[in-house]
Protein chains: 2
Amino acid sequence: MNELSERPIGIFDSGAGGLTVVKAVTEELPRERIIYFGDTARVPYGIKSGDTIRRYALEDVHFLTRFEPKMIIVACNTASATALAYLAQHVEVPLVGVIEPGAVAAAGASRSGVIGVAATEATIESRAYDEALARLRPGVRVVSKACPLFVPMVEEGRVTGEVAELVAAEYLSGLSDLGADVLVLGCTHYPVLRAIVVSVVGPGLHVVDSAQETARAAARLLEQRGLARTAGEGSAAFYASDNPGRFRRLAGLFLGRLPCSVTLVEPEEFFSAAARHD
Amino acid sequence: MNELSERPIGIFDSGAGGLTVVKAVTEELPRERIIYFGDTARVPYGIKSGDTIRRYALEDVHFLTRFEPKMIIVACNTASATALAYLAQHVEVPLVGVIEPGAVAAAGASRSGVIGVAATEATIESRAYDEALARLRPGVRVVSKACPLFVPMVEEGRVTGEVAELVAAEYLSGLSDLGADVLVLGCTHYPVLRAIVVSVVGPGLHVVDSAQETARAAARLLEQRGLARTAGEGSAAFYASDNPGRFRRLAGLFLGRLPCSVTLVEPEEFFSAAARHD
């Protein structure tokens with residue numbers, strides 16, 4: 001048995017949203033051990049500056065490296081858009097972000113060459129999807145739509161009902177008129193709204209879930225490098241930098257089950273982890 | 001002239017929401033010099049734990065003390081609810097929070113003895129309004145309503161329209177049926193939604209704006225202590241711990257005008273300010 005394959009997969013996000021990626025990874029790679037870190041003391045990242053996001057993301061990665069992961073998944077669109085290249089300069093663990101896998105799936109699925117992207121303000125402003133899609137499929141037209149109410153709606157548990165439908169329709173119902181035939185859900189919270197989004201955009205739009213695509217990309221990478229764990233049961237351990245109770249409640253929404261326990265990472269421990277590596 | 005009266009008033013919030021308090025203070029005390037600090041690197045506080053909120057709030061206060069303020073207004077309901085007593089143990093500047101003034105006004109205005117409180121999840125969970133109202137008016141009944149979509153709605157500029165009306169009605173239209181005759185807007189973002197809230201709750205409910213009441217309380221305190229500035233023009237200077245561009249845009253919503261400039265406070269400077277005082 002390859003010893004490296006026994007190591008865990010580290011996954012982080014600014015908060016609990018990245019748990020949709022944990023869910024997808026668990027389904028795709030049921031034997032893997034997952035260590036999840038949610039930086040709930042500083043959530044959300046999406047409204048912060050690039051410099052601040054890079055600093056926070058590096059601290060998150062440094063926290064995860066103490067578990068000697070074989071791979072780290074940046075399960076946060078904002079951090080993937082803003083900090084992935086920066087992180088790669090600072091750590092040697094293979095890194096997988098959530099932008100590229102969704103962009104690859106969308107570029108492959110579109111016939112019309114017009115692709116809709118639903119994401120947070122910060123992800124849209126970063127133009128990360130525009131750049132990835134233009135590189136993967138030159139000439140593609142990207143129609144971006146910031147959906148600032150989606151994250152609080154999900155966290156409120158408001159995933160059905162009149163308000164959710166109105167808001168989803170307002171943000172996304174115009175996409176097919178613009179010729180889009182694919183819609184990327186470019187935020188880790190959004191898969192929870194998948195049903196309502198599909199009902200609003202209609203059957204003509206193929207919906208790409210970036211959490212699922214990321215899990216598939218991670219599985220391929222482990223396979224190619226001979227790093228996949230091939231025996232034994234999978235597991236997941238959860239760490240949060242603040243408010244583990246709220247994290248646990250949200251985890252129910254994103255994972256579809258309550259995690260057994262969430263370990264609070266004290267700020268001193270957390271920041272000193274980064275300091276030691278700097 | 002009393003030299004102390006020439007000193008500025010320090011005001012802080014986790015982000016830009018406290019600017020509704022700045023607006024009210026400017027109207028109530030037009031000659032005062034205001035230093036505002038928004039901790040936008042760690043916004044929002046409302047979903048974080050008590051320990052974390054107290055630590056952040058103390059760092060905010062320590063940043064403001066370098067301007068030698070004659071008073072500090074904690075223009076954040078979450079920090080007022082969670083950290084005010086803790087802050088008072090650590091600094092000697094008079095502190096004014098946003099909970100007590102709104103509670104005093106509500107306790108005085110209600111005839112029915114049933115008072116509605118609209119606020120964030122964290123403020124509701126802190127029970128700060130329940131405690132203040134029970135102390136000010138024993139036997140009062142408090143009907144609390146968390147309104148988690150209000151802050152993102154305001155920040156999106158969505159203060160009119162069908163979704164805003166539906167959401168406001170869903171949260172607040174049942175209050176008068178429960179006998180409430182007063183509604184406290186217990187979050188610094190909410191005054192921006194005042195018009196839609198009034199239209200939804202109807203004329204039978206008196207709406208108390210905690211930002212306005214806080215400005216009045218600050219004015220009374222300065223008057224009583226002979227600390228009010230009695231000549232010269234007022235001014236306001238704005239500091240933020242991250243993303244001054246976004247802060248400036250939001251300031252337009254809360255202040256009704258764009259601030260001339262927003263100074264970015266680098267994290268090192270910011271944290272070292274706290275470290276020096278600890």
Side-chain angles (χ1 to χ4, degrees), chain A residues 14-16 38-56 59 82 120-122 125 146-158 161-171 189 240-247 249-250 264-268 270-271, chain B residues 14-16 38-56 59 78 82 120-122 125 146-158 161-171 240-247 249-250 264-268 270-271:
Chain A
S14 56
D39 187 12
T40 48
R42 303 185 293 194
V43 71
Y45 288 0
I47 53 174
K48 282 142 203 179
S49 68
D51 281 349
T52 296
I53 294 163
R54 282 183 284 276
R55 184 161 58 84
Y56 289 176
E59 288 172 347
T82 314
T120 63
E121 235 177 300
E125 276 170 21
C147 309
L149 287 190
F150 274 7
V151 167
M153 272 169 43
V154 167
E155 298 204 349
E156 196 186 15
R158 190 191 289 273
E162 195 179 357
V163 167
E165 273 169 39
L166 267 173
V167 169
E170 192 187 297
Y171 288 148
H189 277 66
S241 55
D242 194 27
N243 220 347
R246 185 175 194 273
F247 179 90
R249 182 173 62 73
L250 286 176
L264 177 63
V265 181
E266 294 292 342
E268 294 69 30
F270 178 58
F271 291 115
Chain B
S14 56
D39 187 13
T40 47
R42 304 185 293 195
V43 72
Y45 288 0
I47 52 173
K48 281 142 202 179
S49 68
D51 281 350
T52 296
I53 294 162
R54 281 183 284 277
R55 183 161 58 84
Y56 290 177
E59 287 172 347
T78 302
T82 314
T120 62
E121 235 178 299
E125 276 170 20
C147 309
L149 287 189
F150 274 5
V151 167
M153 272 168 43
V154 167
E155 299 204 347
E156 197 186 15
R158 190 191 289 273
E162 194 179 358
V163 167
E165 274 170 38
L166 267 173
V167 170
E170 192 187 295
Y171 287 149
S241 55
D242 194 27
N243 220 347
R246 185 175 195 274
F247 179 90
R249 182 173 62 72
L250 287 175
L264 177 64
V265 181
E266 295 291 345
E268 294 69 28
F270 177 58
F271 291 116

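For the numbers below, each heavy atom of this structure counts, side chains included, while hydrogens, waters and symmetry mates do not.
- A heavy-atom distance below 4.5 Å is found between the side chains of A:R246 and B:I47.
- When each of B:V151, B:D51, B:L149, B:T52 is scored by its heavy-atom pairs under 4.5 Å with chain A, the top score falls to B:L149.
- For B:P244, no part sits under 4.5 Å from any heavy atom of chain A, backbone or side chain.
- Between chain A and the residues B:A41, B:G245, B:G15, the most heavy-atom pairs under 4.5 angstrom are made by B:A41.
- Chain B forms the most heavy-atom pairs under 4.5 Å with one residue out of A:L264, A:I53, A:V43, A:V163, and that residue is A:V43.
- Residues that satisfy the side chain to side chain donor-acceptor pair (under 3.5 Å) test with B:R158, not counting sequence neighbours, are A:E170, B:E156.
- Of the listed residues (B:P152, B:S49, B:P44, B:A146), the greatest number of heavy-atom pairs within a distance under 4.5 Å of chain A belongs to B:S49.
- Under the rule for a side chain to side chain donor-acceptor pair (under 3.5 Å), the partners of A:E121 that lie at least two apart in sequence or sit in another chain are B:R249.
- The shortest non-hydrogen separation linking A:K48 to B:D242 is CB-OD2, 3.0 Å.
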